[in-house]
Amino acid sequence: MADELVHSHDPNHPANLICELCKIFYNNGWVTGTGGGISVKDGDKIYLAPSGVQKERMVPENMFVMDHPSKEYLRRPEVYKPSACTPLFMAAYDIRGAGACIHTHSQNAVMVSLLYDKEFTIANIEQIKALPRVTEPGYLGFFDTLTIPIIENTAHEEDLKDSLEQAILAYPGTTAVLVRRHGIYVWGESVWKAKVYNEAIDYLLELAVKMRQFGIAPDGAIGSEREQRRL
Ligand SMILES: CSCCC(=O)C(=O)COP(=O)(O)O
Ligand SMILES: [Zn+2]
């Protein structure tokens with residue numbers, strides 16, 4: 001097998017990064033119980049994790065490598081199947097030209113998907129400034145509203161492909177899609193941007209759940225929370 005594709009002493013090699021980042025994600029409760037994962041693109045090569053494994057225990061030799069232009073596997077460990085998230089990751093690469101895509105089973109994402117209908121919105125929170133405008137250069141501002149579409153879950157992860165693609169096209173400004181009762185997909189131009197976007201979004205999802213518990217609308221006008229405190 002083409003082991004040279006995944007063996008490297010460079011900590012920034014995609015096969016090493018996937019293992020390192022999945023440990024961090026596991027410790028955040030984002031990829032526990034084998035759920036979730038991350039894919040990284042390096043030039044024409046797409047690095048993918050195996051399906052159904054403990055994501056925090058993976059080693060570089062477990063990785064699949066796909067040639068993006070031909071969609072042929074350059075490396076395919078025989079004992080595993082590629083992640084069921086592969087068609088979803090491919091949507092981020094094909095439609096948005098992403099450099100990495102993260103999928104988590106964050107409870108904050110699941111809770112928000114239960115509290116909101118078609119889309120999640122939040123405004124006037126400093127952390128929004130970590131997120132990109134996407135349709136134009138630069139980042140959202142404090143007074144902007146972050147909107148993330150929500151799609152319905154399916155019995156099998158790979159069957160989410162069509163609705164995820166539709167959501168990406170319907171929301172050209174989004175860098176994430178929530179999946180009801182399941183989790184979230186977040187992508188970015190590079191692995192580090194995807195990581196930061198996922199962290200910022202998860203922070204905002206958690207905050208929104210807490211705000212709603214206090215009767216504060218996460219996309220409400222500034223000052224409305226003070227009205228709430230006076231009640
Ligand atoms: C309990 S995990 C169910 C499958 C799933 O939702 C997921 O994200 C993991 O898929 P993979 O094939 O990468 O293990
Ligand atoms: Zn999943």
Side-chain angles (χ1 to χ4, degrees), residues 6 14-41 45-66 68 71 73-94 98-114 116 120 148-168 174-188 191 194-195 197-199 201-202 205-206:
V6 295
N16 294 333
L17 280 180
I18 288 175
C19 299
E20 180 198 335
L21 291 174
C22 276
K23 288 186 180 70
I24 296 172
F25 296 167
Y26 175 83
N27 289 327
N28 283 335
W30 292 340
V31 298
T32 53
T34 77
I38 177 173
S39 168
V40 176
K41 187 163 184 260
K45 295 188 187 68
I46 291 173
Y47 290 76
L48 297 149
S51 182
V53 304
Q54 297 176 76
K55 300 298 193 313
E56 77 282 10
R57 292 174 59 85
M58 294 186 302
V59 292
E61 297 85 76
N62 300 151
M63 297 303 138
F64 289 71
V65 185
M66 182 194 281
H68 192 197
K71 308 250 160 73
Y73 281 99
L74 305 171
R75 187 174 194 276
R76 203 177 169 126
E78 277 168 26
V79 291
Y80 298 117
K81 287 198 290 191
S83 169
C85 311
T86 299
L88 295 307
F89 294 146
M90 294 309 294
Y93 294 132
D94 290 340
C101 186
I102 296 167
H103 170 47
T104 84
H105 284 196
S106 159
Q107 288 198 10
N108 298 321
V110 175
M111 277 307 299
V112 160
S113 80
L114 297 169
Y116 289 77
F120 164 72
I148 302 177
I150 303 172
I151 60 172
E152 300 304 324
N153 199 27
T154 51
H156 304 288
E157 187 100 30
E158 48 269 47
D159 296 337
L160 291 166
K161 179 177 178 285
D162 288 350
S163 53
L164 186 111
E165 287 180 350
Q166 284 164 20
I168 291 175
T174 196
T175 196
V177 174
L178 284 154
V179 185
R180 191 150 3 254
R181 297 176 179 272
H182 183 155
I184 190 167
Y185 280 83
V186 182
W187 57 88
V191 62
K195 175 179 177 286
Y197 299 164
N198 179 59
E199 289 167 359
I201 288 170
D202 200 75
L205 297 173
E206 181 177 6

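In each ligand, atom 1 is the first atom listed, and ligand 1 is the first ligand listed.
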Applying the side-chain contact (heavy atoms from CB on, under 4.5 Å) test to I184, which of D202, I201, V177 qualifies?
I201
Aromatic plane relationship, Y185 with H103 - under 30° parallel, 30 to 60° tilted, over 60° perpendicular
parallel
Decide yes or no for R75 and E61: does some side-chain heavy atom of the first lie under 4.5 Å from some side-chain heavy atom of the second?
yes
Test side-chain contact (heavy atoms from CB on, under 4.5 Å) applied to T104 and N198, N28, I38, V186, the passing residue:
N198
Could you check whether any side-chain N or O of T175 sits under 3.5 Å from a backbone N or O of W187, counting only pairs where one atom can act as donor and the other as acceptor?
yes
With respect to the Zn ion (ligand 2), please indicate if C85 possesses an N, O or S atom at a distance under 2.8 Å.
no
Which residue, K161, K41, K71, forms the salt bridge (Lys or Arg N to Asp or Glu O under 4.0 Å) with D94?
K71
For the Zn ion (ligand 2), the closest N/O/S atom belonging to E157
OE1
Residues in the immediate environment of ligand 1 (any heavy atom closer than 4.0 angstrom):
G33, T34, G35, G36, S51, G52, K55, S83, A84, C85, H103, H105, E157, H182
Which N, O or S atom name in H103 marks its closest approach to the Zn ion (ligand 2)?
NE2
Taking atom CD as the centre, does Q107 end up with more than 12 heavy-atom neighbours from other residues, nucleotides or ligands that are less than 6.0 angstrom away?
no
